[in-house]
> 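One structure is given below, represented as structure tokens, and several questions about it will come after.
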Amino acid sequence: VTALADLLVAIVGPDHVLDDADVTASYARDWTGRFVGEALLVVRPGSTAEVAGVLRACTDAGVPVVPQGGNTGLVGGSVPRRQPMVVLSTSRLTARGDVDAGAAQVTLGAGVTMADWRRHAQAGGFDAPVDFASRDSATVGGAVATNAGGSRVVRFGTMRAQVAGLTAVLADGSSIGSLAGLPKETVGVHWPSLLAGSEGTLGVITAVRLKLVPWYRHTATAMVATGSLADAVAVLAALRSNVANLDAVELILPEAMAVVAAHLGATPPVGDERTGAYVVVELADHEDPTDALMAALADLPQIHDAAVTTEGPARERLVAFRDRITESISAQGVPLKLDVAVPVGALDELMAAVRAALAAHGGRVVPFGHLAEGNVHVNILDPGDPDLLARDILGAASALGGTISAEHGGGLAKSKYLHLVRTPAELAAAAALRHALDPTGTLNPGVLTAT
Ligand SMILES: Cc1cc2nc3c(=O)[nH]c(=O)nc-3n(C[C@H](O)[C@H](O)[C@H](O)COP(=O)(O)OP(=O)(O)OC[C@H]3O[C@@H](n4cnc5c(N)ncnc54)[C@H](O)[C@@H]3O)c2cc1C
């Protein structure tokens with residue numbers, strides 16, 4: 001340990017190699033509290049060159065490394081879980097380039113937060129196309145590494161679609177990638193495509209060249225209550241065909257509304273005992289889209305209650321019912337989190353399978369998610385048998401043509417279920433690729449490893 005620590009101190013300086021257990025503990029516990037490990041050392045490199053030095057030293061010493069951004073990942077991929085293991089924190093990689101208006105792009109260090117990406121883009125007259133509730137801590141590097149989604153995927157796609165370039169360091173300390181941001185380039189392997197969603201297993205992303213989108217100054221938000229999940233899907237279909245500026249279509253099922261309303265100490269703005277699903281809809285545009293939103297919702301027979309707001313405190317109060325669900329669940333205990341997606345037409349069948357699994361294996365479900373992507377965060381409090389719940393629910397998602405992880409990644413939590421959505425040939429090809437880039441297994445062992 002001392003020899004490695006001395007080497008790392010020589011690379012990043014004494015202030016950025018942490019070994020005091022009281023200090024390193026927060027880097028070793030994930031956001032949910034479900035995954036808690038112990039860090040041999042926490043290292044905070046301040047440049048790509050320092051990241052390279054750290055990785056080379058750890059690989060030479062045979063000590064595995066877990067890259068960590070904001071540590072808001074929910075599947076155990078951002079914390080150490082075997083001994084000894086070094087945490088490589090990107091918290092000092094916070095350089096921000098000027099907004100390049102002609103290209104509608106910006107270059108950011110991997111440790112810049114999602115909220116700062118957005119603020120920086122807006123200061124330059126643009127906006128960031130990806131947003132989600134952990135924005136103040138989650139980093140752009142972590143978001144690329146997990147191919148994060150969030151509420152605006154319906155309009156702009158996931159994080160993968162926003163990466164115009166990146167730089168990353170491999171386990172042996174060599175650097176790959178480019179920040180030129182060329183929209184067209186056809187010379188073989190596209191590093192952003194390879195690294196997006198790789199969860200720190202192929203390389204440490206040090207900087208990203210991200211796309212920007214127009215900053216729509218006006219947002220209109222509605223929360224509507226429908227009789228069933230199938231009715232919510234019908235509302236989605238109508239919105240997709242009738243509105244051009246759809247920015248978010250989020251789903252809250254009644255159990256989740258009850259938990260968040262109690263946490264906020266507030267009454268749900270819409271709905272009653274008839275309500276089977278709540279949908280939060282946002283339109284964003286250069287002109288106020290409130291009238292368009294009201295018109296789009298007006299004649300939909302599936303809606304039995306609706307509230308519409310524009311910017312300001314009223315909108316914040318409404319959006320809090322969606323944004324603060326994860327936090328309200330954690331306030332009640334450590335949940336089992338199964339983030340799945342199915343084709344939207346199969347959502348009803350998915351929830352039937354979820355409820356059957358709960359009846360068989362115990363637990364309280366708090367479901368919500370991103371309706372447009374058929375993505376439900378199946379959060380289970382007081383899970384009776386977590387393994388059987390995961391087996392049945394992830395199995396049902398895959399049998400319905402869906403995925404065991406729509407966002408958040410596989411991490412540790414999903415490793416033993418990868419075979420549900422990947423063939424043996426695909427798993428073997430992924431393992432071979434990983435071995436080629438990291439032959440000694442330095443980067444994030446256990447994560448995305450089929451077991
Ligand atoms: C309240 C809440 C709401 C959330 N909502 C959403 C949501 O709507 N959509 C969504 O997709 N996610 C959501 N998440 C999950 C999480 O915030 C995202 O996955 C986020 O992108 C993780 O970023 P991070 O910087 O915290 O990464 P971390 O948690 O630090 O790491 C996540 C993974 O990426 C790897 N990694 C991190 N940085 C790098 C890097 N620079 N290079 C290589 N690998 C790296 C880690 O090793 C780990 O495997 C939510 C989380 C919370 C707590």
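Keep in mind that this is a model prediction, so the values were computed, not measured. Atoms within a ligand are numbered from 1 in the order they appear, just like the ligands themselves.
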> Kindly confirm or rule out an N or O of Glu199 lying under 3.5 angstrom from an N or O of ligand 1.
yes

> In terms of side-chain heavy atoms, does Thr449 have a donor or acceptor partner in Ser415 at a distance below 3.5 Å?
no

> Between Ala406, Pro67, Gly77, flag the one that comes closest to atom 49 (O) of ligand 1 by a heavy atom.
Gly77

> Does the distance from a Lys or Arg side-chain N to an Asp or Glu carboxylate O, for Arg155 and Glu282, drop under 4.0 Å?
no

> I'd like to check whether Trp31 has a polar contact with ligand 1, where a contact means an N/O of the residue lying under 3.5 Å from an N/O of the ligand.
no

> Once side chain to side chain donor-acceptor pair (under 3.5 Å) is applied, do any residues pair with Asp231, and if so which ones, sequence neighbours excluded?
none

> Just going by heavy-atom distances, which of Ala143, Ala138, Ser134, Ser328 is nearest to atom 3 (C) of ligand 1?
Ser134

> Are any of the N/O atoms on Arg322, whether in the backbone or the side chain, positioned under 3.5 angstrom from an N/O atom of ligand 1?
no

> Tell me the protein heavy atom at minimum distance from atom 5 (N) of ligand 1, and give that distance in Å.
Phe132 CB, 3.9 Å

> Scan Asp127, Thr139, Val140 and name whichever one has a side chain to side chain contact (heavy atoms under 4.5 Å, CB included) with Trp117.
Val140

> State, without any angle test, whether Ser91 and Ser89 hold a side-chain donor-acceptor pair at a distance under 3.5 Å.
yes

> Should the heavy atoms of other residues, nucleotides or ligands under 6.0 Å from CD of Glu327 be counted, would the total exceed 12?
yes

> Below 3.5 Å, N or O to N or O, backbone or side chain included: is there any such pair between Thr72 and ligand 1?
yes

> Do me a favour and list the nearest non-hydrogen protein atom to atom 29 (O) of ligand 1 with residue, atom name and distance?
Gly73 N, 2.6 Å

> Write out the residue and atom name of the closest protein heavy atom to atom 12 (N) of ligand 1, then the distance separating them to 0.1 Å.
His408 CD2, 3.3 Å

> Distance alone, cut at 3.5 Å: any donor-acceptor contact between the side chains of Thr59 and Thr440?
no

> Is Asp30 salt-bridged to Arg81, cutoff N-O under 4.0 Å?
no

> Examine distances only and state if a side-chain atom of Gln68 and a backbone atom of Tyr27 form a donor-acceptor pair shorter than 3.5 Å.
yes

> Under a 4.0 Å heavy-atom limit, does Glu327 contact ligand 1 with its side chain, its backbone, both, or neither?
neither

> Of Gly200, Gly109, Ala133, which has the heavy atom at the shortest distance from atom 44 (N) of ligand 1?
Gly200

> Select the closest option to atom 27 (O) of ligand 1 among Gly150, Gly409, Gly142, judged by heavy-atom distance.
Gly142

> His370 heavy atoms, cut-off 4.0 Å: which ligand 1 atoms fall inside?
8 (O)

> Nearest protein heavy-atom contact for atom 41 (N) of ligand 1: which residue, which atom, what distance?
Ile205 O, 3.0 Å

> Polar contacts were defined as any N/O atom of the residue lying under 3.5 Å from an N/O atom of the ligand; does this apply to Ala148 and ligand 1?
no

> Looking only at heavy atoms of Thr90, does any of them come nearer than 4.0 Å to an atom of ligand 1?
yes

> How far is atom 36 (N) of ligand 1 from its nearest protein heavy atom, and which residue and atom is that?
Ala145 CB, 3.7 Å

> May I ask you to say whether Arg44 pairs ionically with Asp15, meaning some side-chain N is under 4.0 Å from a carboxylate O?
no

> Looking only at protein heavy atoms, which one is nearest to atom 24 (P) of ligand 1, and how far off is it?
Gly70 N, 3.4 Å

> Not counting sequence neighbours, which residues clear side chain to side chain donor-acceptor pair (under 3.5 Å) with Arg135? List them please.
Asp131, Asp323

> Under a 4.0 Å heavy-atom limit, does Leu74 contact ligand 1 with its side chain, its backbone, both, or neither?
side chain

> Would you find more than 12 non-hydrogen atoms of other residues, nucleotides or ligands less than 6.0 Å from His419 atom NE2?
yes

> Mind checking whether Asn444 contacts ligand 1 via backbone (N, CA, C, O), side chain (CB onward), both or neither, at a 4.0 Å heavy-atom cut-off?
side chain

> Counting only nitrogen or oxygen atoms and a 3.5 angstrom limit, does His377 reach ligand 1?
no

> Counting only N and O atoms by type, is there a donor-acceptor contact under 3.5 Å from the side chain of Asn147 to the main-chain atoms of Gly409?
no

> Looking only at the side chains, is there a donor atom on one of Asp285 and His218 sitting less than 3.5 Å from an acceptor on the other?
no

> Students should be able to answer this: which protein heavy-atom is nearest to atom 33 (C) of ligand 1, and at what distance?
Thr146 CG2, 3.6 Å

> Could you tell me the residue and atom name of the protein heavy atom closest to atom 31 (O) of ligand 1, and the distance to it rounded to 0.1 Å?
Ser78 CB, 3.5 Å

> Does ligand 1 have a heavy atom under 4.0 Å from the side chain of Thr139, from its backbone, from both, or from neither?
both

> Pull out every atom of ligand 1 sitting under 4.0 Å from any heavy atom of Val204, numbered as shown with elements.
42 (N), 43 (C)

